[in-house]
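Read the numbers this way: they start at 1 and go in the same order the structure lists the ligands and their atoms. None of these values were measured; they are calculated from a predicted model.
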Amino acid sequence: MKFKSIRGTKDVLPGEVEDWQYVEETVRRVMRVFNYREIRTPVFEQTGLFARSIGELTDIVSKEMYTFKDRSDESLTLRPEGTASALRAYIQHSIGEQSPLTKLYYIGPMFRQERPQAGRLRQFHQFGAEALGSPSPQLDAEMMLVALQVYRELGIREFTLKINSVGCERCRPPYKLKLIEALQSVRARLSPESQARVDQNPLRVLDSKDENDQSLTRDVPLMKDHLCPECSQHFSEVQTLLQKTSTSFVIDGRLVRGLDYYTKTAFEITSTALGSQDALAGGGRYDLLVEELGGKQTPGVGFAAGMERLLMVLAKTGSQKPQDLRPALFIVTIDEDARRWAFAEAQNLRFKGIRVEVDYLARSVKAQMREANRQQARFTIVVGETELQSRSARLKNMETGSDSAVNLDDLETSLRS
Ligand code: AMP
C-alpha cells in the first residue's frame, strides 16, 4: 500500500518552499509596517462558530466544511476561513478591553471541501487581517491598501480592486424586498442555483457566474443605489480615501461575496493572470459580527487573501527573489578521523552563521566533489590525515577553479575574505 496526499491538498517541496517563505516574509513585513499584530488560532473550532458567523445558508457552511464528531461526540470543524476564529479569540480573551482598537493578522491553512481545480484546493492557505473597534472608513480603505502593498512589494501589477457596499441592517432589508420583487419576473428562467437563492439569499443571485443569469438580472436594482444616508456617506468616504492614496478601483454593484457577515463595504481583488478562479483576495466590513458571536458591540473590518493564487500570479508575472541556497563550504573528507574533525568544524562555522555541508555517506573523494558541485558549493576543501597533521589544506574556489592554502584552525577568516 502506497499512501498519497489527499485530493485537493498539496505538498510544498524544497525548491518551491523558498517562494512561500519569501511571500510569508513579505506579508509579515507589510503587516508590521501597518502595525498589525499576529494572532495564531487553532485549526479546528466548534462547528457552531462558523455556522453562526459565516451563515447557515452560505456554500461554505451548507456544503463545504470538514465537520466531524470527536470522541466525546462534540461537533468540530476544520476552519474554512480565519475571521471567525480571530474574533472568537478576541472575545474570549477580552482583547477589546485592553485597547479600543485592535489590529490583527494571520497566516495559515484553511479547509473547504470544494471541487479541486487550478487555484482551488481543499487545504489552502490565507493571510488576512482584522481591525476591530472602529467604524471609520479609513480602516476599510486600509485593508485594501495592506493587501495591495503585499502585491506591489512582490512586483505584481496585474490586479483590479473592486469595491461595493452591501448596506446595513437598516437599508438592506427593504432593498432585499425590492430585489426579490424584481427577480420574480425572471425567476423561472434563472439557473437552479440562483432560483434557490431568490428567497433565502437574493443578493447572491447578483454574483452568479452563469451568463444567462447575468443577462436576466441586468436591470435589477443594486444595493449601492439604495443605501441609507449613513452607508452612502461611508461608501463615498472609502472612495475618497482610495483616491487620496492614488489607488485605482472600480465600483462593482454586483459584488456581494460568499459570506453573510458583511455590512457596508465589500471588496475583492482579482488578477487577470489567473484563470476562472481569479480572486486573489476579498474582504469587507462586519459591524455586527462580534456581537453575533457573543461579544460587545464592536465594529470591524477585514480581508483574506489566498497564498496559492498569489504564488500562481507570482510565478507568471512577479519578481521572484533569487534565494541563495548554496553552501559556502563543502568539506570533503578522506577518512574517519577527517570526518570527525569535519563534523566538529562544521558546527563551529555554522555557529558563526556560515552555511557548511559535510559528507554523511562516507563517499569517495570523487563522489563528494560531485555532490559539492550538485549543491553549487562556493568553496571546497579536501581533508585527510596529511591535512590534519599539517593543519593546512587547499581551499578551492568552485567558480574559478583556483585554490589557495588555508589554515585549518582559521577557516572562518579565509572564508570571509
Ligand atoms: P474567501 O475567504 O472565500 O473570501 O476567500 C478569500 C481568498 O482566499 C480568495 O480570494 C482566494 O484567493 C482564496 N481562496 C478561497 N478559497 C480557496 C480555495 N478553495 N483554494 C484556494 N484559494 C482559495
Taking CD in E38 as the centre, count heavy atoms belonging to other residues, nucleotides or ligands within less than 6.0 Å. Is the count above 12?
yes
With a 4.0 Å heavy-atom cut-off, what residues sit around ligand 1?
R112, E114, G119, R120, L121, F124, Q126, R257, L259, A279, L280, A281, A304, G306, R309
Ignoring hydrogens and angles, write down the donor-acceptor pairs under 3.5 Å from the side chains of residues 3-10, residues two or more places apart or on other chains.
unit_1	atom_1	unit_2	atom_2	d
T9	OG1	I6	N	3.3
T9	OG1	I6	O	2.6

Contacts of F50 meeting ring pair (Phe, Tyr, Trp, His ring centres under 6.0 Å) (sequence neighbours excluded), chain-then-number -> none
Donor-acceptor contacts, no H, no angles, side chain residues 289-298, under 3.5 Å, sequence neighbours left out:
unit_1	atom_1	unit_2	atom_2	d
K296	NZ	E97	OE2	2.8
T298	OG1	K296	O	2.7

Hey, would you say the Y36 and Y105 ring centroids sit under 6.0 Å apart?
no
Please give me the minimum heavy-atom distance between V205 and V198, naming the atom from each residue.
CG2-N, 4.1 Å
